[in-house]
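What follows is a single structure, written as structure tokens, with notes after it.
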Amino acid sequence: MKPNNPKRDDTNSKKTRDSANPTPPPPPQDFIRQIVEADVMAGKHGGKVITRFPPEPNGFLHIGHAKAITIDYGIAEQHGGTYHLRFDDTNPTKEETRYSEAIQADIRWLGYDWGDKLFHASDYFDQLCEYAVRLIHNGKAYVCDLNGEEMREYRGTLTEPGRPSPYRDRTVEENLDLFERMKNGEFEDGSHTLRAKIDMASGNLNMRDPVIYRIMHATHHRTGDKWCIYPMYDFTHCLSDSIEGITHSFCDLDFEDHRPLYDWFLDQLEVHHPQQIEFARLNLSYTVMSKRKLAELIDGNLVTGWDDPRMPTLSGLRRRGFTPEAIRKFCETIGVAKRASVVDIALLEHILREDLNRTSPRVMAVLKPLKVVIDNYPEDQVEEMEAINNPEDESAGTRSVPFSRELYVERDDFMEEPVKKFYRLSPGREVRLRYAYFIKCESIVKDERTGEVIELHCTYDPASRGGNSPDGRKVKATLHWVSATHAIDAEVRLFDNLFTKENPLDVEDSKHFTDYINPDSLTTLTGCKLEPSLKDAKPGERYQFERLGYFCIDSKDSQTEAPVVNRTVTLRDTWARIQKAQTNQNKQKKQKNRSN
RNA sequence: UGGGGGAUCGUCCAAUGGCAGGACAUGCGGCUCUGGACCGUAGUAUCGGGGUUCGAAUCCCUGUCCCCCAGCCA
């Protein structure tokens, strides 16, 4: 028999595997993927999947949008379909080109490419206007002269039906004429609206003759002054989906109430009818996730902008040092469902660390320097120590780090009177300097006035070069360090949760969510010491500072001669946990003593 | 009797009438030149009540609780 070609071979072996395992477990599927899968199997829309992500260019994208994007785009990708980016730009007073540009940059950064499928609702203004005229022709829309306040009165309440507008029964001719004049700019803002004629008694407020066009004499960032009437979301969105041939239109739960209206417009106009499916938006603990609230933080100068590294915006997370891979993995991990939920930010951090651990080169940096003098080390000697760049990735190789008589170690790595379980440096104790030598603390120097420890005098064991003693002597701790004369000075910014409350929106009466801003969400450290290999570090580059965490060179404020580094996330810190447990125990003891 | 939606470990998501499972978090242990990573291990959940069924998180009845909606915002 002729040998099979490799391709054939592959297929066969796969078949063999499959028959050995006749019922492979189906991949985990959320309820939306199940619906889409069923539609594709049934040949609905010719088996095609076309989705869209429809942001309004009135702010920056946040990680909640990332969830939506991974659903919209991920599902299309999964079925070999296409995905669109469509700006829902129907409100010129709120939208700006700079937001549109930032949104596109963020989506690209996340790793999605919409190709030539970039659209704007404003591309459809002419078509939308024709649709509106058609509704008028069919007696399904009318021009209303009620002002805002009156309209609210006529709308009724949640429990009481509304009343028909006195203008509801205008003739088609009159409506056509009035709408034309609205379009021509004959009326003032707010004086007239075009409304759908549906049902003023509906339990669903959205169906009580919703406005579909309003008059706004405003310059649109794309269409300029061409229009003085602009279509409303409900009218625009479903028809834009329809025009683009969208098959499945995913949105958040807030729009469940709008689905009947989405369907109504499409049914009335007898056009292509995508299916709207709603899912729960992402909430993350210790932060807020709405553009309005994020904008409020910016306007109140509580953060420095949309890209403040404390913000849950994609630009903020990027600046902070998050990777797009981690964000996508996170979105995948949290799943898709319909119940309102708050995801623990610890999960995001875990997934981030997982990615960063694999990919980040290690370096040594001292954040709170404490001078160490190795008394028995030759004055002018400098040795190059070989250090591993990434123990998780052998191909990352090694680098050399200069060692000399005067060093900096972390202030937190020394305790004059060590507490239980602290096994770092203290008087008389020996530890290892990573990749270098064992050193022993012989004496300490204190500031005469404050009593603060300002310098350590140590001796080193020349035989322990590289980090191991030939006599097999063990030390309990390994410390990171930086040679004093070779160190690069840097500013380091430490970030913590933006809010002190798990759900900042769960506010007490008389409180505002901004009252729960974490005063320690940003700590700026200056005079930090970086190892010299960081000399050429570029903005946006990520590193692990050994034993401290993952850091990213700030892309806005960092300069070659004055580096600024952001802490992305700490390493998992067992010692910090022990300390916390100890202080908690002490507190409990104190309380017990007090009550006794 | 406004309308719409939802209740599963502490958290998020599975189980689609057949042993309630995974991840995070937490505890304990191992390993370690990062108190990192890694490995092992433990505990914790079907909103309440009734019913159908050999069998219910899942189906039925009933109650309770939670979320969203009264922009000429999206």
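Proteins come first, then strands; the chains are lettered A, B, ... in the order of their sequence lines, and each starts at number 1.
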Original post:
Expressed in angstrom and rounded to an integer, what is the separation of A:Y550 atom OH from B:U34 atom P?
Top reply: 13 Å
Original post:
So, do A:Y233 and B:A74 meet the stacking rule of ring centres under 5.5 Å and planes under 30°?
Top reply: no
Subject >> A:F330 vs A:F322, ring pair (Phe, Tyr, Trp, His ring centres under 6.0 Å): CA-CA, chis, key distance, verdict >> reply: CA-CA 11 Å; A:F330 171 73; A:F322 279 61; 9.2 Å; no
Original post:
Hey, does the side chain of A:S285 come within less than 4.0 Å of B:U11's phosphate (OP1/OP2), counting only N and O?
Top reply: no
Original post:
Whole Å only: how far is the CE atom of A:M200 from the C1' atom of B:G2?
Top reply: 14 Å
**OP:** Tell me whether the OP1 or OP2 atom of B:C68 has a side-chain N or O from A:R281 closer than 4.0 Å.
**Re:** no
**OP:** Find the distance A:Y423:OH to B:U32:C1' and express it as a whole number of Å.
**Re:** 10 Å
Subject >> A:L352 CG to B:A23 P, straight-line distance once rounded to whole Å >> reply: 20 Å
**OP:** Could you work out which one of B:U34, B:C73, B:A25 sits closest to the side chain of A:H350?
**Re:** B:A25
Original post:
For the side chain of A:L571, counting heavy atoms from C-beta on, which of B:C13, B:G71, B:G36 is nearest?
Top reply: B:G36
Subject >> Pairwise 5' ranking along RNA chain B for A:R214 and A:E160, keeping only the more 5' one >> reply: A:E160
Original post:
Do the side-chain N or O atoms of A:R155 get closer than 4.0 angstrom to the phosphate oxygens (OP1, OP2) of B:G71?
Top reply: yes
Original post:
Under 30°, 30 to 60°, or over 60°: which ring-plane class applies to A:W227 and A:F125, parallel, tilted or perpendicular?
Top reply: perpendicular
Original post:
Taking the same atom, P, in B:A45 and in B:G10, what whole-Å distance lies between them?
Top reply: 7 Å
Original post:
Looking only at side-chain N and O atoms, does A:T157 come under 4.0 Å of OP1 or OP2 in B:G2?
Top reply: no
Original post:
Is the phosphate of B:G35, meaning OP1 or OP2, less than 4.0 Å from a side-chain N or O of A:R547?
Top reply: yes
**OP:** Test for a donor-acceptor pair under 3.5 Å between the base of B:G6 and the side chain of A:E278, counting only N and O atoms.
**Re:** no
Original post:
Where does B:G71 land, syn or anti, given syn is within 90° of 0?
Top reply: syn
Original post:
Where does the angle between the aromatic ring planes of A:F403 and A:Y460 fall among parallel (under 30°), tilted (30 to 60°) and perpendicular (over 60°)?
Top reply: tilted
**OP:** Identify whether any heavy atom of A:I334 sits under 4.0 Å from a base atom; if not, whether one sits that close to sugar-phosphate; answer base, sugar-phosphate or nothing.
**Re:** sugar-phosphate
**OP:** Report yes if a side-chain nitrogen or oxygen of A:T159 is closer than 4.0 Å to either non-bridging phosphate oxygen (OP1 or OP2) of B:G3; otherwise report no.
**Re:** no
**OP:** Given side chain to side chain donor-acceptor pair (under 3.5 Å), test A:S360 with A:R542 step by step and report yes or no.
**Re:** CA-CA 6 Å; A:S360 301; A:R542 304 182 186 94; over 6 Å; no
Subject >> Interatomic distance, A:L158 CG vs B:G5 C1' [rounded to whole Å] >> reply: 15 Å
**OP:** Would you indicate, yes or no, if B:G71 has its OP1 or OP2 atom less than 4.0 angstrom from a side-chain nitrogen or oxygen of A:R152?
**Re:** yes
Original post:
Between the base of B:G3 and the side chain of A:D257, is there a donor-acceptor distance below 3.5 Å?
Top reply: yes
**OP:** State whether the number of non-hydrogen atoms from other residues, nucleotides or ligands found under 6.0 Å of A:K183 atom NZ is greater than 12.
**Re:** no
**OP:** Mark yes or no for a side-chain to base donor-acceptor pair under 3.5 Å between A:R572 and B:U34, with no hydrogen or angle criteria applied.
**Re:** no
**OP:** Measure up the A:F235 and A:F265 rings against each other and bin them: parallel (under 30°), tilted (30 to 60°), perpendicular (over 60°).
**Re:** perpendicular
Original post:
Over how many whole Å does the gap from A:R353 atom CZ to B:A23 atom P extend?
Top reply: 18 Å
**OP:** Give the rounded distance in Å between these two atoms: CZ of A:R339 and P of B:C12.
**Re:** 8 Å
